[in-house]
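Report on the following structure.
Just so it is clear, the values below take in all heavy atoms, side chains as well, and ignore hydrogens, waters and symmetry mates. Predicted, not measured: the structure shown is a model, and the values here were computed from it.
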Amino acid sequence: MKKTRSNAVILMIALIIGLSMIVVFSTLSEVELEQKTLVTSSGALIRTTGEIINPIDYSGEPLDFDPDSFLRDFNYGKVSQLSDGTTLREFTLIAEDDKIMEISPGIFFNVWTYNGATPGPTIRVTEGDLIRVKFINNGEKSHTVHFHGTHPAEMDGVFENVGPGGKFTYEFVAGPAGVHLYHCHVAPVEEHVSRGLYGAFIIDPKEGREPADEMVMILNGFDTDFDTENNFYAVNTIPFYHLYKPIEIDLHKLVRLYVINILEFDPINNFHLHGNMFNYYPIGTQSEPSSFTDIVTFSQGDRGIIEFEYKYPGKYLFHAHKVEFSEKGWVGIFLVKDNQEKNIQEIKYGT
Amino acid sequence: MELSNNSSKGKLFISGIIPFAFLVILILYIFGPGSDLLDFGIPLPEITIEKVDFVDSEIQVTVRNTGPIPVEVVMADVNDRIRAAAVEPDGFLERFETTLVGIPYEWNLAQPYIIGITIEDGTRFEKEIEAAAPALKPSFDLVIFFAVIGTYVGIIPVMIGLLWLPFIKRISKQKYHFFLALTIGLLFFLAIDSIEEAIDVSDESLAGIFNGTLLVATVIVLSFLGLYYFGDKLVKKADSLKITKPVAIALMISIGIGIHNFGEGLAIGAAIGIGSIAFSTFLIVGFALHNTTEGIAIAAPMSRGKLMLGKLAAMGLIAGSPAIFGAWVGGFVYSPFTSVIFLAIGAGAIFQVIVVIMKWIREEGDKNLSSAAVVSGFAVGMLVMYLTSILV
């Protein structure tokens, strides 16, 4: 009799433990809700008592990379004259592959960098200049600098891998005029490029170009989970940045964009401008535009010069018309400002 | 005398505690501060999207940290397109912690969606939803609807199966054993079916951390042992409880089948809940056909007592009505974890029933389980179930 009672007690305990396990596990999956309402920039309604994760909001801590200062930042190098009158421009590029950068709010990714940033500095020279680029590899892997444009074979940055701690000096005469790029060419090239080892290389024609508000736009992306598909797309690294902070330009003023598509994994990319048409100069090597259009499509490594000016003030989108890319970050706004004549704003449309 | 008894109890207690103490020391040594014994390898973060609810202009995603390290939810996407979202209570998740990510989205009914959640290192986790449908809100109509379906699937087919009782009553002992063995075959098939379903659900929606297959195995064994213990008690006490042994066995069988049918109700309720109506129509027809065979399982032992219509009907209800409760739970408060648990409990219950019937055959049939009747009955039972299962 006593034995059955103790058995019953054991069974009871086992049953209680079993049931409470079920209760504990299932309450773990329940989340308490108490709601308030917020409206996002896209007009959608978010109700929350928690936190908002908004990929377009850059109001928090400044990021490691500042797209605003990169946009119009051109590096002309240390300039000196050679005895024959040639201009010598000297640059230093330092490769690293251990930098963890916040590439989108809250997302920290190991980027590989020239001079601590991706894209690397925009190198700008004039056709015929002698270019000397001192390259230092401070990374843990081999890296090089491969320039597009004309140069001798041994300056191509392909066969002379620079090992960790190594140095190499690239020296050549710049040409032809146009918008080019430089990037690491160590295999697997796809990885070295998609991780961020690239930059703009602009060669101005000797006679110069018409004065304009000039900007560099490198169309890039990041595959943060290594499935050979980009998780983020951007113009100049930071997704949605110029949606949050529009690029201010002046009404009736010529704008010149040096656009370079360095995107990996996706075969094409494109650039579409709202409310306007632009002259397009493929690679920037010819003085005549190839088309007057509002969209241009790039394959990988493709680039060109885009020139336009706005007739009306206001906000205009520019984005990849491959809308998948724009919904993952490759979208921005030009804010066209009428700085001269305020009274133009008084004009009423439709009168 | 009293004293020595106490001190021996104390010794017993201490001798039981000592190994535990060493175990605690070992764990402190391995994980304790300053210990770098296990500081190798790279812990990979992992989250599991446990549940996706489609509500008014919003998709609500329940996310659990199922990895070895804390993570932070920083981005949400729908069909691989980045969206702003609300995270409640916040995005930082310790191990096992959950959070609710609300994504404002004008979703379309019955359309497939892939929901993605990205954590702070850029790793993206996703879950595919076959057809978007609003989360069911309990209403009186729906409660009735599920009750009707549960009745169709559970009670009515079992009652129909019970109608074979007069037939089984009139047949010879050999044939009777054939039908008992047939029942074993049917039940054995059901048990395997439940296990498969439980493992499927755990693979699909349960985080790896729960060790789905082992969870299923553990629950099956526990449920078997529990019911085995109580079942034996019940059969032994049959006389004092004024029920015959066949009735006691039939009762055990119907309880076991009832638990199993709760699992079936869950499956149907969940299928309707997630909007796969066409799929659930098949489920309903299939389970209905399937479940008539369960009536035979209850009728077979009952056929050796005198005919007790009231008891028989009660057993039909015990076996069939849990389908209604299952449909309610599955439709309104579905969670993969409860589903796995109940499917596994059902499988354990059925194994218990099988053991009971086998004992019954052995006692009835001169301690012989390898007669032609038994073997062929078992085989036919499995085959019948397989053939009706094609309909499910």
Side-chain angles (χ1 to χ4, degrees), chain A residues 4 7-8 11 14-15 17-18 21-22 25-26 28-57 100 102-110 222-227 229 231-233 239-240 323-324 326-329, chain B residues 50-51 56-58 60 62-64 72-92 96-106 116-125 210 215 218-219 222-223 225-226 229-230 233 333 335-338 341-342 345:
Chain A
T4 43
N7 275 352
L11 271 167
L15 209 71
I17 292 174
M21 286 277 279
I22 295 175
F25 272 118
S26 46
L28 274 178
S29 67
E30 297 299 324
V31 177
E32 295 273 322
L33 286 181
E34 185 196 321
Q35 298 191 328
K36 68 182 177 194
T37 307
L38 283 160
V39 181
T40 68
S41 56
S42 61
L45 208 62
I46 297 186
R47 299 176 197 86
T48 187
T49 51
E51 57 189 23
I52 300 279
I53 43 175
N54 188 355
I56 301 165
D57 186 5
I100 307 284
E102 189 176 9
I103 54 159
S104 173
I107 293 191
F108 295 84
F109 184 61
N110 170 216
F222 294 101
D223 169 22
T224 55
D225 53 7
F226 312 107
D227 59 356
E229 280 178 29
N231 297 59
F232 298 94
Y233 296 84
F240 301 111
V323 183
E324 176 196 352
S326 61
E327 297 206 351
K328 289 156 109 172
Chain B
E50 290 196 337
K51 215 166 126 195
D56 281 343
S57 304
E58 188 176 340
Q60 292 183 339
T62 307
V63 179
R64 186 191 295 275
E72 191 171 2
V73 170
V74 292
M75 206 176 77
D77 68 73
V78 176
N79 292 337
D80 204 18
R81 306 293 183 264
I82 297 168
R83 313 291 306 186
V87 188
E88 293 166 0
D90 61 76
F92 187 81
F96 302 114
E97 210 182 332
T98 61
T99 193
L100 188 85
V101 181
I103 312 169
Y105 200 88
E106 298 297 330
I117 298 289
T118 303
I119 59 169
E120 80 283 5
D121 72 348
T123 313
R124 178 176 174 271
F125 298 87
F210 284 117
L215 174 71
T218 308
V219 174
L222 290 183
S223 127
L225 289 175
Y229 180 82
F230 282 118
K233 281 259 136 54
V333 287
S335 103
F337 185 77
T338 22
I341 294 291
F342 278 107
I345 290 176

Part of B/N79 lying under 4.5 Å from any heavy atom of chain A: neither

From B/R83 atom CZ to A/E327 atom CD, the distance as rounded to the nearest 0.5 Å: 6.5 Å

For the student: nearest non-hydrogen atoms of A/N231 and B/G122, plus distance: ND2-O, 3.8 Å

Side-chain heavy-atom pair A/I107, B/M75 within 4.5 angstrom cut-off: yes

A/D225 CG to B/T118 OG1 distance, which is reported to the nearest 0.5 Å: 7.0 Å

Contacting region of A/P239 [heavy-atom separation from chain B under 4.5 Å]: neither

Separation between CZ of B/R124 and CG of A/D223, rounded to the nearest 0.5 Å: 11.5 Å

Heavy-atom closest pair, residues B/A84 and A/P55: CA-CD, 3.8 Å

Structural part of B/I119 lying under 4.5 Å from a heavy atom of chain A: backbone

Side chain A/E51, main chain B/P89, donor-acceptor under 3.5 Å: no

Point-to-point distance, once rounded to the nearest 0.5 Å, from OG of A/S326 to CZ of B/R81: 9.0 Å

Heavy-atom pairs under 4.5 Å with chain B, option from A/F109, A/F232, A/F222, A/F226 with the top count: A/F232

Interatomic distance, A/I53 atom CD1 to B/D90 atom CG [nearest 0.5 angstrom]: 11.0 Å

Contact winner vs chain A - B/D77, B/V73, B/D121, B/V101, heavy-atom pairs under 4.5 Å: B/D121

Under the side-chain hydrogen bond (donor to acceptor under 3.5 Å, both in side chains) test, residues paired with A/E324 that sit two or more places apart: A/K322, A/K328

